[in-house]
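Naming: A, B, ... by sequence-line order, numbering from 1 per chain.
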There are 2 protein chains.
Amino acid sequence: MRYFVAVAEELHFGRAAQRLGIAQPPLSRAIGRLERRLNAVLLERSSRAVTLTEAGAVLLREARAALEAVEAAERRTRRAALAPAGEAGVVLVTKAGASSELLAKLLDAHAAEPGAAGVDLLLCGMGEQGPMLRDGRADVALLHLPFDTTAGLDTEELCTEGQVAILPAGHPLAARPHLRTADVTGLPDLPMPRWPGPDGTYPAGPGPRARDHAQLLQLIALGRACWIAPESCRTQLREGLAAVPVPDAPTVTTVIAWPPHSRSRAVAGLVRTAIRVSS
Amino acid sequence: MRYFVAVAEELHFGRAAQRLGIAQPPLSRAIGRLERRLNAVLLERSSRAVTLTEAGAVLLREARAALEAVEAAERRTRRAALAPAGEAGVVLVTKAGASSELLAKLLDAHAAEPGAAGVDLLLCGMGEQGPMLRDGRADVALLHLPFDTTAGLDTEELCTEGQVAILPAGHPLAARPHLRTADVTGLPDLPMPRWPGPDGTYPAGPGPRARDHAQLLQLIALGRACWIAPESCRTQLREGLAAVPVPDAPTVTTVIAWPPHSRSRAVAGLVRTAIRVSS
DNA sequence: GGCGGCGATACCGCACGGGTATCGGCCCAG
DNA sequence: CTGGGCCGATACCCGTGCGGTATCGCCGCC
């Protein structure tokens, strides 16, 4: 199955074999065997190009999920085995620089809990929490709707907040009591920065490139960009930055999420604490 | 991994090997290899009994999910390959005897859709829809909250209804305009029937045993039991049965659900139709 | 028409998975 | 206290399957 995913992604047996660290002929045979076992034609080989069939597209989707599941099984088991005594640590993942206030309260409250498991904090880039939960690198996550997707996860809502525009302190708009989304999205002098996608490339368009929160704030302070962010980030603003409410921007809901089948005591306890501190 | 799940369930290498159709020594070695690969002790063998370690319990949970995922991948691919031309059929699963009115409307409306995929209907027992979706036997399901669990599934709400008590037509309570839950749960002459659990055994207690909807209605008509069910089942009541509203029973919400990663065009179309016919 | 790229096929060797026989520890019965 | 039986681990053997190299066949292109 790993083999099939590699071929389906590369659409090229030679490159896929190289990526897998094996030679091309065994790979051809492995795919052939898989096709016979499923009696399905997965790939259309026309001696010049390889294309996915309908069944192949189905298997690609399903196989990715399946591979993630076995990776998750291995990783979680390894982590559980490392735990010296009693309860194993839980890995909590969240976007770097988001919900820091809530996070601090949660960690404090959880540490004060009597029989609480240890919590390893893991910070990641935007939108990576889902995969992290699915492949076992993390056990529980803080997500922010509507930016993150909760598909396939169990969730509990924690809190909802409005958004603010982050502007250079001296900018004319920074003096306004509030702004509309349209006021800040189309500014020629302060474009919205571009973020790298999951594949590491930047979308085309104007705007400086940033790859984390710190760079973003730096760009704004330098007067090269502006941004719209949840209110709670106000506590992290440094000098030279101003925040102005944007009432018509979508509200942001912070949720705590976990893979549905991994309802361990440790995760359940952390979720309960999160609900308590946020209500 | 299949091997480990078998041993973890049997807690006995010999029986597990028998179940797997292999001899016991290869099984011992396979588990040993797995433990070395994960460097984790999964099972505590005390020469008289086998018990799961903490890490073993984690792996049991995760491995079940992973095995379901690969089964799902194989099944869905096989089904996609069988499809003669164009779009493959979608398998819709629901509890036998539930939501039949909505179901009929949905199937009719979907069939009338221009480019709609074929829909195979699959009826199952209570609470089996989740596993059916997870292991690929079905693609989309109608569930009934709060009885079914939607953990790990994407859902859309379709409709909500109250519940009614189903009683023998001649029973004194059948003449009342409405009842409270307490009125029907503790009746010595009309106990609630018992359902087999997922393992096929019946819980202890009074009440006749039933294994499907038809048997249940038969038991009620015979004056041996009563039941509380969603209102929509009124249309299916045969002679000798009476339905009385139970306003204080929890309302039942019918939802359409699908595995989050299998957002194929066919499933999406069916979901859209379902939302349309139910609103 | 020849060359080059790419997937399939042929053939080979090794290593891993599975089988049988046997050992070693433990509980229990006599 | 000792022997037998249960059960998992170990030893050893064999066959299949997977991976490697060499080569073929097909097609597009210069």
Take atom [atom1] of [X] and atom [atom2] of [N], then tell me their distance rounded to the nearest Å.
X	N	atom1	atom2	value
B:Leu34	C:dC16	CG	C1'	16 Å
B:Glu44	C:dC26	CD	P	14 Å
B:Arg45	C:dG24	CZ	P	19 Å
B:Leu27	C:dT20	CG	P	14 Å
A:Tyr3	D:dG17	OH	P	16 Å
A:Leu42	C:dG7	CG	C1'	16 Å
B:Leu43	D:dC7	CG	P	16 Å
B:Gln18	C:dG19	CD	P	13 Å

Check nucleotides 21-24 of chain D against the protein and report each pair of N or O atoms closer than 3.5 Å, with its distance, or say if there are none.
none

Step-by-step side chain to side chain contact (heavy atoms under 4.5 Å, CB included) determination, B:Tyr3 to B:Arg29: CA-CA 11 Å; B:Tyr3 291 4; B:Arg29 273 177 296 151; over 6 Å; no

Partner residues of B:Pro25 under the side chain to side chain contact (heavy atoms under 4.5 Å, CB included) criterion, sequence neighbours left out: B:Ala23

Nucleic acid contacts - residues 7-16 of chain B versus DNA chain D, non-hydrogen atoms under 4.0 Å: B:His12, B:Phe13, B:Gly14

D:dA9 phosphate, OP1 or OP2, under 4.0 Å from B:Ser28 side-chain N/O: yes

Phosphate OP1/OP2 of D:dC18: any A:Arg33 side-chain N/O under 4.0 Å: yes

Smallest separation among heavy atoms of B:Ala151 and A:Asp154, with atom names: CA-OD1, 3.5 Å

Residue pairs fulfilling salt bridge (Lys or Arg N to Asp or Glu O under 4.0 Å) with at least one residue in residues 3-18 of chain B, sequence neighbours excluded: B:Glu9-B:Arg19, B:Glu9-B:Arg64, B:Glu10-B:Arg15, B:Glu10-B:Arg19

Spacing of B:Leu59 atom CG and B:Leu52 atom CG [to the nearest 0.5 Å]: 9.0 Å

Distance-only donor-acceptor pairs under 3.5 Å for side chains of residues 116-126 of chain B, two or more places apart:
none

Sidechain-backbone polar pair: A:Glu35 side chain, A:Leu42 backbone, donor-acceptor under 3.5 Å: yes

A:Arg61: partners by salt bridge (charged side-chain N to carboxylate O under 4.0 Å, His left out), with sequence neighbours left out: none

Residue B:Gln18 excluded, over 12 heavy atoms near CD under 6.0 Å: no

